[in-house]
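Data first, discussion second: the structure below is written as structure tokens.
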Amino acid sequence: MGTRKTAITRRDFLRAGTCVTLGSLVGLPLAESTHADRTKKSRVVLVRDKHVLDGKEQIHPITLGRMLDRAVTALLDASDPSSAWTRLVKPDDIVGIKTNVWPYLPTPEPLNTLIRERLIEAGVKGGNVSADDREVLRNPVFQRSTALVNVRPMRTHHWSGLGTLIKNYIMFVSHPSRYHDNACGGLGAIWHLPHVKGKTRLNILVMITPLFHGMGPHHFSRAHTWPYCGLIVSEDPVAADATGARIIQAKRDAFFGGENPINPPPRHIDAADTRFGLGTSRLERIELIRLGWTEDILL
Amino acid sequence: MLGIDSAGELVKKVLFVLLIFLAAGSFPLLMTRKSFADSLEILAASLLRQTGAWTAHDPDSTYDGETIFDYIDGAGEVYRAYNMRECLSRRYTATGLPTIVLDIFDMGSSEDAFGVFTHDRDGKTVDVGQEGLYRQGWLSFWKGRFFVSIYMERETVDAKEAAYHLARAVDSLIGDEGPKPPILRKLPPEGLQDRSVRYLHHPLLLNYHYYLSDENILNLGKETDALLASYSRGGKRARFLLVHYPSPERARGAHEKFLASYLPEGGTGGAVLLENGKWSASLRKGRLLAVVLEADSRLLAESLLREVKAVP
């Protein structure tokens, strides 16, 4: 036919075998080098407390604050939460809290408030902290930001398979829909944009009532959320997402009775590792610390 | 004084005049009913404001192909990929009860209303619209050029009953049914899994259902109609794709690109053994391109293509 083959196809995936995920394969021919330190494990803290929700599934802020403090302290091997936060930010930092306002499952407002309080306790000026989602490109604090805290609930997602920490930065571009191709495999590129790169100090994946299956135009069903009552905290967004993805997958398999792969497969998590060097998605390179409630932990 | 006969005549005349008035009065109603299917605005004006304990929460919202992302986040891409013209959204609320969300999408054609319906075919079949489905907390159907979604924020017995009531009311307001895409008639019927059929135009949607390539190696687009379907014959299974192009030249170009990118061994027209032990093959016939993406046996792959060739 004379046409040089440049497309990555399903057959490339088949040739590579099942050991290599499609997400990592998608990155093979591209020039981006990976920057993650391949010898170092990424620490991920999973903290759970079943009392974080009351009988009406409302969040109990004091319990949530305790969970956050335990997780951040363990993550940084700090002696107490206060010293942990002072290692994350400096008083002259300008901090954007990248939250998520999706109406069916937003970042819990008490968590935004707690993060803000912890940042201010660590010395950051109140006027230099702002939580935002849709308006981050126009928010003056985000425009001047020197640091970001990334916080969002995990959920299944129509195009990317999962709504993840990596995906949460999609509002840092003016045309998010341009990242929908290939199950949003290129999302990791956003983290290399000049107004984002290197600023993220902490990633918090909210697993309090995650969504493990979506349906309909709004891709939401209350019947497919469950009270997992957890937070996943890490400096490595890819490792945190990969850990959350394992929990969602396990829940799907248990709920539907047998293998029920996340559809579409969340390739962007692997691609964020192999293509964009944002962290590690490989289980063997993740140091998982479990804290708190262990019942039905799914890991 | 009027006699009995003349009084009878008068009653007849009054009845006649009344009939004329009634007929004249109902004429605009008939006109309105006919026009329901032509405008979301008119449809909105006739929609129920009450269903069970739920009352419409004013105002309605409308979205076009650009603003739909403000409403349904990334999934708006699905509706855009089916040429969505407008979406009307109405929320029904009741104190202490889960909100019911009605979304009516004007897809511009019955073919695309059917297409967007086929994007998600899980659920129990229900007798609403041209085809309807119910899953836990979500009822959807298509009719004419409209796709209708009724979503309960939490499923309860009463909410489900109210959703069905609302669905039937919308169904009757839409009025006329519409045809399905003609390309459906080109699918070989034997062993076709009806629920597996997806009608689409956009490569993004093909990749959603069956990842083929990171590039548009079949030159799919707004002007192409594609069907993705599963077959089962004698315990053997196959995934099959049929694409209709605007011209034989466009079909030929797409076939060449597909062979070069995906199936270089298939240039001579024979079935190719893929790396996963399945068989793949392709065939162009005029403006149609048929691709057996994967089949359990060579025989099944070749049979499907032979049958496409035989369809007039």
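Below, chain A is the first sequence line, B the second, and so on; all start at residue 1.
With rounding to the nearest 0.5 Å, the separation of CZ in A:Arg134 from CG in B:Asp70 is 8.0 Å. Here B:Glu275 contributes atom CD and A:Phe13 contributes atom CZ; the two are 11.5 Å apart, rounded to the nearest 0.5 Å. Here the OG-CE distance, from A:Ser221 to B:Met152, works out to 10.0 Å after rounding to the nearest 0.5 Å.
With chain A as the partner, the residue from B:Leu212, B:Leu263, B:Asp120 showing the most heavy-atom pairs under 4.5 Å is B:Leu212. With chain B as the partner, the residue from A:Pro217, A:Gly214, A:Gly216 showing the most heavy-atom pairs under 4.5 Å is A:Pro217. In terms of heavy-atom pairs under 4.5 Å with chain A, the best-connected choice from B:Arg135, B:Gln136, B:Arg80 is B:Gln136.
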Inset, instruction - Kindly indicate, with the supporting measurements, whether the criterion side-chain contact (heavy atoms from CB on, under 4.5 Å) is fulfilled by B:Tyr211 and A:Thr9. - result: CA-CA 8 Å; B:Tyr211 178 77; A:Thr9 72; over 6 Å; no

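No donor-acceptor pair closer than 3.5 Å links the side chain of B:Asn276 to the backbone N or O of A:Leu14.
Defined by atom type and a distance below 3.5 Å, a donor-acceptor pair is present between the side-chain atoms of A:Arg10 and B:Tyr210. Between the side chains of A:His218 and B:Asp103, at least one donor N or O lies within less than 3.5 Å of an accepting N or O.
Using cut-offs of 30° and 60° for the angle between ring planes, the A:Tyr104 and B:Tyr151 rings count as perpendicular.
Residue B:Ile217 touches chain A through its side chain alone, counting heavy-atom pairs closer than 4.5 Å.
At least one side-chain heavy atom of B:Tyr208 sits under 4.5 Å from a side-chain heavy atom of A:His158.
For A:Arg11 and B:Glu294, the salt-bridge test fails: no basic side-chain N is under 4.0 Å from an acidic carboxylate O.
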